[in-house]
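Below: one structure, written as structure tokens.
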Amino acid sequence: MRERVGQVERITLPFRVFSHRLSLTLFIGLSVALLLLGRAEAYVFDEARTKVAEVTAPIMEILSTPLAIVREWVGDVRDYFNVYEENRRLKEENARLMAWKAAALRMEQTAARYEALLNVQLEPGIGYVTGRVIADSGGPFVNTYIVNAGREDGVAKGQAVVDTEGLIGRVIGTGDKASRVLLITDLNSRVPVLIEPSHYRAVMAGNNSANPRLLYVSDETEINSSEQVEIDPDQRVVTSGHGGMFPPGLPIGVVVRASDGEYRVQPYSDQGRVDFVRMLQYDFPRDIEPESDPDEAPEEASTENDASQVGLLTSPNAQSEE
Amino acid sequence: MSMVFGSKISNLFEIGLPFLVAIFCVMLTMLPLGLSSGIIVSPAFALMAVFYWALYRPELMPPYAVFLVGLYYDLASAGPLGLWAFIYLVVYGIVLSQRLFFIGRAFFAIWIAFGMIALVAGLLAWAVSALYYGSVVSPLPAFGQALISFVLYPLFGRIFGSIQRRFLSQV
């Protein structure tokens with residue numbers, strides 16, 4: 001029996017090697033074809049991607065749980081050793097924040113009075129869904145997360161995703177119990193932003209590095225100005241709300257200048273410390289009547305930012321008053 | 001009869017195991033270590049698996065299995081579809097053609113070979129991504145991944161080895 005198997009092996013072996021080679025070539029060809037097809041029609045595989053993410057999510061959830069526990073434990077130990085330092089820092093920060101709070105309350109009242117006077121349409125409140133990051137892309141040229149909250153929890157495509165510090169990305173696909181987040185550092189990410197307090201507009205484009213680029217920087221006050229504008233580093237970058245994707249005014253990071261003279265954004269969010277993220281349920285105001293001026297919505301967005309800009313300008317004064 | 005049936009079951013298991021190990025390696029790569037952007041990215045565990053099985057038991061890891069592992073990674077990570085399928089197959093082809101040269105060599109030689117393969121895979125990933133996105137990105141993350149994969153290969157080679165010894169019949 002064994003001998004016969006050996007004989008059969010000997011006869012079929014060259015054939016098997018040949019078919020192995022053939023199928024290797026075939027599958028290499030197939031993957032190249034997929035690459036070309038995906039390049040031309042990127043949306044074709046969206047459904048499949050979502051399905052695979054959904055199937056993978058429960059396993060990743062289990063696999064990533066010990067990681068979360070270890071991270072928490074390491075954090076606890078570190079907190080224990082830093083307790084004195086941390087306490088002093090927090091006290092200082094608290095004193096500073098109290099000054100800010102007083103300024104904010106005053107601003108809020110002023111803003112409410114102005115809004116009442118001008119009959120401003122108030123923006124709807126922003127709800128949120130919290131989820132845990134259970135997987136990242138792991139690859140060198142793709143920056144996505146899978147989060148363990150999906151359609152059933154109220155996550156929808158296009159929602160902004162933030163951590164405690166600032167914007168980290170947006171939802172690009174949702175399953176029932178899991179969704180996929182495209183990070184602001186990914187090559188496909190484009191976010192319309194405002195640079196404050198100079199109030200320049202720009203598009204923040206991911207370039208697969210930790211610091212996304214700022215493209216098409218323009219002075220919002222001058223229409224169609226084509227000349228290159230100068231930005232002082234350390235200005236704040238926030239979402240502009242243009243394009244109707246994100247709520248305006250979400251903090252993203254600060255402007256830094258790269259060695260090649262290009263403007264980049266240093267995000268507030270620390271990507272080495274991903275854990276829980278929030279998906280913001282923001283309904284961009286769409287219920288405007290068709291006859292009304294189409295520019296109304298962006299206008300509203302910029303007034304909101306004006307308010308926060310004034311807040312930024314006045315608050316240091318408030319601090320010096322204290 | 002029952003013996004034939006039993007051997008069929010074990011054949012199925014043998015064919016399935018390296019594939020499942022590779023799929024599990026993809027999941028390990030996707031664990032959120034917070035390394036997704038920057039120069040050091042997650043190690044390419046699945047590349048180690050494809051390399052290992054192509055070297056030691058290619059008949060248990062046929063091209064379609066390699067293709068499926070790559071495809072799964074592409075779909076799960078939402079990258080360009082076909083990218084890792086293509087790279088894993090190329091790696092598989094290279095290893096297969098050099099297999100007889102490496103079989104029976106000292107572990108050190110195989111480790112160096114893996115390092116070179118990881119470098120080739122990283123360069124390929126960089127080149128294909130640049131073509132796909134139509135923009136030249138920094139190749140540093142690819143080198144970072146190749147380096148950390150190289151460093152971790154001895155550990156994973158050992159794990160794959162013990163899986164092979166314990167669960168797969170010897171040839």
Side-chain angles (χ1 to χ4, degrees), chain A residues 16 20-21 23-28 30-39 44-45 48-49 51-53 55-56 59-60 63-64 67-68 71 132-146 172-173 180 182-183 185-188 206-210 270-275, chain B residues 24 26-38 41-45 58-59 62-64 66-67 70-90 92-93 96 122 125-126 128-135 137-145:
Chain A
R16 271 176 42 206
H20 222 84
R21 292 253 162 92
S23 72
L24 182 60
T25 323
L26 192 80
F27 280 109
I28 288 182
L30 188 57
S31 39
V32 172
L34 280 176
L35 275 168
L36 293 174
L37 183 61
R39 176 87 184 86
V44 175
F45 306 111
R49 287 197 177 103
K51 273 276 164 311
V52 168
V55 172
T56 309
I59 309 171
M60 288 308 299
L63 285 180
S64 66
L67 208 69
R71 193 179 288 134
R132 189 161 68 84
V133 176
I134 52 172
D136 65 23
S137 58
F141 300 113
V142 179
N143 295 295
T144 57
Y145 284 157
I146 299 176
I172 53 164
R180 185 171 335 258
L182 183 78
L183 301 187
T185 52
D186 189 273
L187 283 163
N188 287 316
N207 64 343
N208 202 47
S209 79
D270 175 8
Q271 273 154 12
R273 213 188 47 203
V274 270
D275 207 350
Chain B
F24 186 75
V26 171
M27 290 179 177
L28 282 187
T29 297
M30 297 201 318
L31 276 180
L33 300 171
L35 300 174
S36 65
S37 92
V41 292
S42 296
F45 296 123
E59 74 279 9
Y64 66 81
V66 178
F67 176 75
L71 200 67
Y72 171 71
Y73 188 19
D74 289 330
L75 287 170
S77 69
L81 198 68
L83 172 69
W84 288 104
F86 175 70
I87 292 165
Y88 290 160
L89 284 166
V90 170
Y92 181 81
L96 222 55
W126 172 73
V128 175
S129 303
L131 282 175
Y132 187 88
Y133 292 113
S135 72
V137 292
S138 163
L140 283 178
F143 291 137
Q145 188 172 49

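In what follows, every chain begins at residue 1, and chains take the letters A, B, ... in the order their sequences are listed.
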Of Val32(A), Ile59(A), Leu182(A), the largest count of non-hydrogen pairs under 4.5 angstrom with chain B goes to Ile59(A)
The interface call for Ile87(B) against chain A, heavy-atom contacts under 4.5 Å, is neither
Fill in: Derivation of the side-chain contact (heavy atoms from CB on, under 4.5 Å) call for Ser209(A) and Thr185(A)
CA-CA 6 Å; Ser209(A) 79; Thr185(A) 52; over 6 Å; no
For the backbone of Tyr132(B) and the side chain of Arg39(A), can you confirm whether one donor and one acceptor N or O come within less than 3.5 Å of each other? yes
Donor-acceptor check, side chain of Asn208(A) to backbone of Pro140(A), threshold 3.5 angstrom: yes or no? yes
Applying a strict 4.5 Å limit to non-hydrogen atoms, the region of Leu24(A) in contact with chain B is both
When the 4.5 angstrom heavy-atom criterion is applied to Tyr64(B) and chain A, the contacting part is both
If one checks every heavy atom of Ser129(B) against chain A at 4.5 Å, the contacting part turns out to be side chain
Review point. Sub-3.5 Å donor-acceptor pair from the side chain of Thr56(A) to the main-chain atoms of Ala76(B), do we have one?
Key: no
One option among Ala78(B), Pro80(B), Pro62(B) has the most heavy-atom pairs under 4.5 Å with chain A, and it is Ala78(B)
Looking only at Val66(B), Leu81(B), Leu28(B), the option with the highest number of non-hydrogen pairs under 4.5 Å against chain A is Leu81(B)
- Check for a donor-acceptor pair, side chain of Gln145(B) on one end and backbone N or O of Ser42(B) on the other, with a separation under 3.5 Å. yes
Of the listed Ile172(A), Asn188(A), Ile146(A), Asn207(A), the one with the largest count of heavy-atom pairs under 4.5 Å with chain B is Asn188(A)
Okay, Val128(B) and chain A: the region with an atom under 4.5 Å from a heavy atom over there is side chain
Decide if atom OH of Tyr133(B) counts as having more than 12 heavy atoms of other residues, nucleotides or ligands within a radius under 6.0 Å. yes
- Sidechain-backbone polar pair: Thr144(A) side chain, Ser77(B) backbone, donor-acceptor under 3.5 Å: yes
Cut-off 4.5 Å, heavy atoms of chain B, and the answer for Leu63(A) is both
With a 3.5 Å distance limit and no angle check, can you tell me whether Asn143(A) reaches the backbone of Leu183(A) through a side-chain donor-acceptor pair? no
Okay, Trp126(B) and chain A: the region with an atom under 4.5 Å from a heavy atom over there is both
Ranked by heavy-atom pairs below 4.5 Å to chain A, first place among Pro139(B), Gly79(B), Ala85(B) goes to Gly79(B)
Okay, Ala48(A) and chain B: the region with an atom under 4.5 Å from a heavy atom over there is both
- Query: Judged by atom type as modelled, is there a donor-acceptor pair below 3.5 Å linking the side chain of Ser23(A) to the main-chain atoms of Pro63(B)?
  - Reply: no
Whatever's closer than 4.5 Å to a heavy atom in chain A on Phe67(B) counts as side chain
